[in-house]
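In listed order, ligands and their atoms are each counted from 1.
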Amino acid sequence: MIRESTLAPDAAQLREVVMAGDYWLQIVKAGQTLRILDLEGNQAADTLFFSAADPAERYSAMDTIREQGNVFLTTGTRLLSNEGNLMLEILADTCGRHDTLGGACATESNTVRYDLEKRHMHACRDSWMLAVAEREELGLSKRDITHNINFFMNVPVTKDGGLSFADGISAPGKYVELKAAMDVIVLISNCPQLNNPCNGYNPTPIEVLVWA
Ligand SMILES: [Zn+2]
């Protein structure tokens, strides 16, 4: 459901542009609001959330989908953890829906889906692995790279239950905004994928904003 935010970008306490192929890893505190902005449109922001108090508690697609009875994420979606706790709630969304079924790109899946020659190409899983290695103090490791959200990515579900990666429904300036209900570690990979239309075959920057 489309809902615009009332927050002014000028009032944000943090604004950072994240290039495609880079990661963004920060703690967002309970009560703070996080906006992910698709600057040029048709970009996928592959995102993981963990409890800052105990990273073993993390975003759970299964619990979130079951409780809301819908596979798409949008305004009103309560992102639940694997312990059934509310982590964040989507309070504004100008894109309309976001995917949590398609998973993130990896060099392995690139070879299976596309071609053996794609193995050297940069993938979201690489960015996440680099992030957890560079920020040891957060206590994350390879085992924490689990099921994610693909903000702005269009993965329609067909009548007979099929999934496909389709051309994006996002556009320049579209955003999704989430209010944290607990202190959360946010790990975003701004997707570098070139083989499917999730980035319109042209990976572009996103901007991340946080309001106190
Ligand atoms: Zn990716």
Short side-chain donor-acceptor distance under 3.5 Å, Ser127 and His122: yes

Within 45° cone of Tyr175 ring axis and under 6.0 Å: Arg35 NZ or CZ: yes

Glu4, CD atom: more than 12 neighbouring heavy atoms under 6.0 Å: no

Residue pair Gln43 / Ala20: nearest heavy atoms and the distance that separates them: NE2-CB, 4.2 Å

Donor-acceptor side-chain pairing of Asp93 and Thr75 below 3.5 angstrom: no

Under 2.8 Å from the Zn ion (ligand 1), the protein N, O or S atoms, given as residue and atom: Cys105 SG, Cys124 SG, Cys191 SG

Aromatic contact, His98 with Phe152 (centres under 6.0 Å): yes

